[in-house]
There are 2 protein chains.
Amino acid sequence: MTTVLIADDQPMQRFGFRMLLESQDDMTVVGEATNGTEATRLVDRHRPDVVLMDIRMPGLDGIEATRRIIATGARTRILIVTTFDLDEYAYDGLRAGASGFLVKDAQPEELLAGIRAVASGDAVVAPSLTRRLLDAYIHHLPASPTAAPRPEDPRLATLTEREREILTVIGQGWTNTEIAERLHLAESTVKTHVGRILSKTGTRDRVQAVILAYDTQLVMPA
Amino acid sequence: MTTVLIADDQPMQRFGFRMLLESQDDMTVVGEATNGTEATRLVDRHRPDVVLMDIRMPGLDGIEATRRIIATGARTRILIVTTFDLDEYAYDGLRAGASGFLVKDAQPEELLAGIRAVASGDAVVAPSLTRRLLDAYIHHLPASPTAAPRPEDPRLATLTEREREILTVIGQGWTNTEIAERLHLAESTVKTHVGRILSKTGTRDRVQAVILAYDTQLVMPA
DNA sequence: TGCCTCGTCGTACCCCGGTACTACACGGCC
DNA sequence: GGCCGTGTAGTACCGGGGTACGACGAGGCA
């Protein structure tokens with residue numbers, strides 16, 4: 001279940017978002033904010049997976065709110081949704097740490113797809129902006145592997161300490177037998193842990209768990 | 001009416017694309033090419049709005065075909081659609097002048113939306129790649145104009161091209177069955193490849209192969 | 001006192017992954 | 001022509017991985 005916080009100063013806009021999201025059985029709206037300050041406070045309280053963030057809001061705007069939320073190290077992903085697709089807004093928002101940028105006149109399906117993509121760690125950008133993004137930066141590719149100081153990944157949120165340990169050694173390539181030996185456990189115990197890890201993280205086998213371990217930087221490439 | 005040219009060496013893939021596109025009343029398929037050379041010739045003849053371009057094709061591949069088509073000054077937009085979402089492919093393709101990059105396991109609606117966006121002059125990028133694009137842009141990383149051919153890791157030295165491809169998708173968490181389906185191979189063939197990869201790289205199972213793939217940067221953390 | 005989470009261990013079952021072969025078509029090369 | 005690397009495909013076998021259960025002690029907390 002993806003938890004979403006709506007931050008927008010216009011009541012009808014919030015209403016529309018809420019209706020759309022609540023109609024999906026894998027999403028739930030955990031709160032509504034009418035300005036940036038309120039948004040940061042509600043993120044702090046509810047720890048949503050995703051924030052639908054408007055840019056133009058009285059008081060603290062969406063960009064600055066994004067910056068502050070990211071600065072707290074929260075696992076929350078921020079999806080900026082605005083009426084304007086002006087470059088500077090978008091660039092500022094993305095630079096502030098947002099995971100995506102969509103325009104309000106997008107189709108509902110696009111919005112939902114965007115939320116799901118962002119929640120799963122991907123990023124989305126409105127096509128109208130992607131063009132400019134590519135034009136401006138295509139010549140600076142590919143990216144260097146410099147790692148961003150990423151906050152705790154939501155996919156690991158529900159894991160216990162012990163499960164994190166197990167996931168780490170899975171990420172180092174240990175078999176269940178090896179884990180059992182080196183951690184002085186019964187193999188059945190290891191299997192129980194592994195099963196719970198796969199279930200909690202939504203991965204189907206240890207291979208994908210290894211990939212998750214890398215993606216979340218629980219383990220790092222040699 | 002958006003005119004589309006399909007360039008893919010696999011007949012069933014072309015068929016699927018054609019069926020999907022012809023079901024839309026604002027699109028029409030004006031031709032099918034089975035390799036890059038044919039694609040450039042057909043673009044020259046039909047001047048389609050959009051080319052659905054596969055990367056892997058016998059003879060002239062999709063990247064080089066894109067480069068040549070763009071070089072002719074045609075106003076045809078190129079949308080790369082491939083099984084692989086590998087960085088280097090994507091970057092090369094975009095650098096070659098493509099307007100977008102989607103993966104074949106995308107939803108049909110995504111593909112259609114992508115074609116319409118590209119036809120109207122916008123650009124689209126698969127969410128899984130957008131993440132990396134943003135990371136590259138946001139951190140203002142130094143440009144490496146010519147596709148950084150990093151020093152080949154000795155552990156991969158003896159692998160053939162095909163084996164590298166297989167290792168790459170193993171590193172993305174695909175099961176043997178999935179590899180077989182998506183690469184149009186028999187599962188026994190996949191197993192043969194996997195076995196050779198493990199043997200050549202000195203890894204004992206696919207989990208360690210995944211780790212090797214990350215360590216050698218054949219795949220990168222999301 | 002009761003309830004919950006966490007960590008531990010067990011059994012039974014099934015399927016995928018990996019191994020060990022063999023086999024054949026194709027293209028390049030000597 | 002003959003050889004070899006590469007990519008493809010097959011059969012047979014078995015062990016580890018993953019699932020679905022149930023169970024129990026320790027500790028936190030209301």
Side-chain angles (χ1 to χ4, degrees), chain A residues 47 155-213 218, chain B residues 9-13 34-35 37 54-61 83-84 152 155-213 218:
Chain A
R47 300 279 157 180
R155 289 167 291 179
L156 302 182
T158 62
L159 296 187
T160 66
E161 264 316 301
R162 190 57 159 170
E163 285 161 358
R164 252 163 244 247
E165 285 178 25
I166 305 285
L167 178 53
T168 303
V169 297
I170 289 176
Q172 285 161 357
W174 298 15
T175 63
N176 288 342
T177 312
E178 286 172 345
I179 297 174
E181 282 172 1
R182 304 189 199 177
L183 264 52
H184 305 290
L185 295 174
E187 185 161 346
S188 62
T189 305
V190 177
K191 284 191 171 189
T192 303
H193 282 307
V194 173
R196 281 206 264 261
I197 291 169
L198 299 185
S199 160
K200 284 187 179 179
T201 57
T203 47
R204 77 171 157 218
D205 55 32
R206 70 198 297 114
V207 172
Q208 295 205 336
V210 169
I211 294 172
L212 178 66
L218 194 61
Chain B
D9 62 328
Q10 289 161 355
M12 273 311 297
Q13 191 72 55
T34 61
N35 60 61
T37 312
D54 187 26
I55 288 189
R56 263 190 113 233
M57 288 187 292
L60 197 67
D61 69 20
T83 318
F84 306 94
E152 171 75 304
R155 287 168 291 179
L156 303 182
T158 62
L159 296 186
T160 67
E161 264 317 300
R162 192 55 159 167
E163 286 161 357
R164 252 162 248 244
E165 287 179 14
I166 305 283
L167 178 53
T168 302
V169 296
I170 290 175
Q172 286 166 354
W174 299 15
T175 63
N176 288 342
T177 310
E178 286 172 343
I179 297 175
E181 281 173 0
R182 304 193 198 175
L183 262 51
H184 307 285
L185 295 175
E187 185 162 347
S188 60
T189 304
V190 177
K191 284 189 171 190
T192 304
H193 283 307
V194 172
R196 289 207 190 108
I197 291 169
L198 299 185
S199 159
K200 285 187 179 180
T201 58
T203 47
R204 78 172 157 215
D205 56 31
R206 72 198 295 113
V207 172
Q208 296 205 334
V210 169
I211 294 173
L212 179 67
L218 193 61

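In what follows, chains are A, B, ... by sequence order, proteins preceding strands, each numbered from 1. Quick caveat, the model's predicted, so the values are computed rather than measured.
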Just N and O in the side chain of [X]: are any of them under 4.0 Å from OP1 or OP2 of [N]?
| X | N | value |
| --- | --- | --- |
| B/N176 | C/dC16 | no |
| A/R162 | C/dT8 | yes |
| A/H193 | C/dG7 | no |
| B/T177 | C/dC16 | no |
| A/T189 | C/dC9 | yes |

Given atom [atom1] of [X] and atom [atom2] of [N], what is their separation to the nearest angstrom?
| X | N | atom1 | atom2 | value |
| --- | --- | --- | --- | --- |
| A/I179 | C/dT8 | CD1 | P | 12 Å |
| B/L198 | C/dG18 | CG | P | 6 Å |
| B/I166 | C/dG18 | CD1 | P | 13 Å |
| A/R206 | C/dG18 | CZ | C1' | 15 Å |
| A/E165 | C/dC6 | CD | C1' | 13 Å |

- Note the angle between the end axes of the helix from C/dT1-D/dA30 to C/dC30-D/dG1, five pairs defining each, rounded to 10 degrees. 40°
- Message: I'd like to know if the side chain of A/N176 and the backbone of A/I179 have a donor-acceptor N/O pair within less than 3.5 Å.
- Response: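 Answer holds: no.
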- Indicate, with a heavy-atom threshold strictly under 4.0 Å, whether B/T192 touches base, sugar-phosphate, or nothing.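 The residue B/T192 makes base contact.
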- Quick one: label B/S188 by what it contacts on the DNA or RNA (base, sugar-phosphate, nothing), any heavy atom closer than 4.0 Å.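 Counting heavy atoms under 4.0 Å across all strands, the contact made by B/S188 includes a base.
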- Item | Single hit among B/R206, B/R164, B/E163 for side chain to side chain contact (heavy atoms under 4.5 Å, CB included) with B/I197 |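 Among B/R206, B/R164, B/E163, the one that satisfies the side chain to side chain contact (heavy atoms under 4.5 Å, CB included) with B/I197 is B/E163.
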- Message: Going 5' to 3' along DNA chain D, between which two nucleotides do contacts with chain A fall, using a heavy-atom cut-off of 4.0 Å?
- Response: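 Nucleotide range in contact with chain A: D/dG17 to D/dT19.
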